[in-house]
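Quick notes on the structure that follows.
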Protein chains: 2
Amino acid sequence: MTALETVLEAGGPAVERLMQQVERRMESVTAHHGPALAGYSSETINAGGKRLRPLLVCLTAGVPPPESEGLVRAAVAVELVHAATLVHDDVLDGSALRRGRPTVVAAGGRKMATATGDLLFARAFAELAGGRSAASVRVLSRASSELALGELMQRADAFDGAIGVERYLERCRLKTAVLFRAACELGALAGGEPCSSLAPFGEQIGLAFQILDDVLDVSGPPERTGKPRGADLLDGTVTLPLIEARSRDPDLRALEVRSVRSEGEAAAVCDRIAATGALDAVKERALALVVDAKASLPALPERQRAALEVVANGVVERYA
Amino acid sequence: MTALETVLEAGGPAVERLMQQVERRMESVTAHHGPALAGYSSETINAGGKRLRPLLVCLTAGVPPPESEGLVRAAVAVELVHAATLVHDDVLDGSALRRGRPTVVAAGGRKMATATGDLLFARAFAELAGGRSAASVRVLSRASSELALGELMQRADAFDGAIGVERYLERCRLKTAVLFRAACELGALAGGEPCSSLAPFGEQIGLAFQILDDVLDVSGPPERTGKPRGADLLDGTVTLPLIEARSRDPDLRALEVRSVRSEGEAAAVCDRIAATGALDAVKERALALVVDAKASLPALPERQRAALEVVANGVVERYA
């Protein structure tokens, strides 16, 4: 049973119906905005991922969630912003593969991919604005600004081996956790709450998600991640596994990030990082964040708590 | 006297005060969102342009316009979306210069520029959402989607010498005119009108703006446009001057757009286009659109009509 199936079981039929509406609406966004969007991004959007963010939107609105169009719109908007950032990230990284399939930039070129990302981004706000909630637009636009600031921070810090843990965590918060947080805030708004007591939960599991993603970049295997090991290194992105490993291995401490140029060299550095035991330490840190996140959940109806815990576990299961 | 000064005089002190607020707010957006945004895009945003779109927002809200924060936010949002598209367009075109200054992509690289454009885009929606009008967000997100569709259309049609007038005009509408239209719609909303009788006026002068921009790409001079002549050709973008010239000159009809590779070759094709008289014909077409746009203005207070006509003339003056 997949994590999604488990959470749908825990959340009950109303959650399942909502998520089906989300899927249909995502498909219609790609189908109705020109051949380029349909041709290049349908895989990114439709075939993509575990829908963790839309699930968070639905589950934070209440379990069973209210069956409102605004809730579906919010869930779709969050996933479209996520898809837009994936498409642009692949342009920035020049990635050829995502989940083992060609990226939009690989299939259509970087011009097509940049415009496609812009379109997905604009459609996200169009979805949300159709729901007539200016508060929701504020939440999503703030999160979107922070996602872009996270990207800018990553570019500004590229190839800088002196990046420390605090700055790394702030970057993870900006480039990933804020959208998980926004998903919770949007769910709360759609459920009629002006602010979300679940926002810290969303932010913490988002942080864990990014940290584990960075572990996967080092550990691979490529067949599973759909990209070569050490892709972050080749891109100049210094992540927690390397930061942690540098504190354990003087040779890694002396390593110039910029000197790693080939996939073979990157894989060798990944092996060296793994040999220090840093990956287990970093993984523990992420798992502890998830444990904390679950423990910090406020008093909730049992079914809602159970479903949210399944989502939190889903973040970890990616790694297991 | 610049066109802006003329319109400020025609619009009166309330328009001038509003536009000063718009400038201050634009400056604060670049100043308060990280060193990368401040460093790379402040020229694009602060030094940039004639503010035609914010002016349209202010003037369509009424003359004198209501001195509301929502109106300033709408004007800033439109200009930020415009700035975001400029930054991304320069990435897509690989342009080194804009208005004779280094582009964001030239100064910071394409990764930085892509993320900077995303940030400006997100800030645009954040500005608008702060004004609590979901209808305004709908207008801007629809226009933003269409701008991206226009880019995608341009990429899909690149190097296609068979592009006809209708398709060219539809592309101009999507990539340029919709934002002029949205400016009018946002102004109407901020002025308390649910829909704008001035939207067709905005769309027509936007169309004229793009057509004249395409004439300038062929006519130059580079000292004035800040980019080499024929930059569109080198990018594979077939515009009305070439379409019109092809109907007049069999050699141009036989030209493979893809065969034009150097700035020298592009300049030679530009000369050939100019020699057919196509530039005058295309320019006439744009001027006729502006005349029509002014003639189509509904009954308005005299001061508002005069100010809007100055803006329409400003679109033409770029060319003169």
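Here the structure is a predicted model, which means the values were calculated and not measured.
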Task: With sequence neighbours excluded, residues passing side-chain hydrogen bond (donor to acceptor under 3.5 Å, both in side chains) with A:Q21 - done: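 With sequence neighbours excluded, A:Q21 shows a side-chain hydrogen bond (donor to acceptor under 3.5 Å, both in side chains) to no residue whatsoever.
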Task: Sequence-distant partners of B:E170, side-chain hydrogen bond (donor to acceptor under 3.5 Å, both in side chains), two or more places apart - done: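 Applying side-chain hydrogen bond (donor to acceptor under 3.5 Å, both in side chains) to B:E170 gives B:R173.
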TODO: Among B:V137, B:L147, B:V81, single out the residue with the greatest number of heavy-atom pairs under 4.5 Å to chain A.
DONE: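 Option with the greatest count: B:V137.
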TODO: Identify the two heavy atoms, one from A:A134 and one from B:A129, that lie closest to each other, and give their separation to 0.1 Å.
DONE: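 Residues A:A134 and B:A129, closest heavy atoms: O-CB, 4.0 Å.
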Approximate separation, where rounding is to 0.5 Å, of [X] [atom1] and [Y] [atom2]:
X	Y	atom1	atom2	answer
A:D118	B:E151	CG	CD	8.0 Å
A:T114	B:R155	OG1	CZ	9.0 Å
A:L128	B:R138	CG	CZ	11.0 Å

TODO: May I ask you to name which of A:A148, A:A126, A:S145 has the most heavy-atom pairs under 4.5 Å with chain B?
DONE: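 Option with the greatest count: A:S145.
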TODO: Specify whether B:H88 and A:H88 have parallel, tilted or perpendicular ring planes, treating 30° as the upper limit for parallel and 60° as the lower limit for perpendicular.
DONE: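 Rings of B:H88 and A:H88: perpendicular, over 60°.
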Task: Toward chain A, the part of B:S133 with a non-hydrogen atom under 4.5 Å - done: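 Contact with chain A involves the backbone of B:S133 alone.
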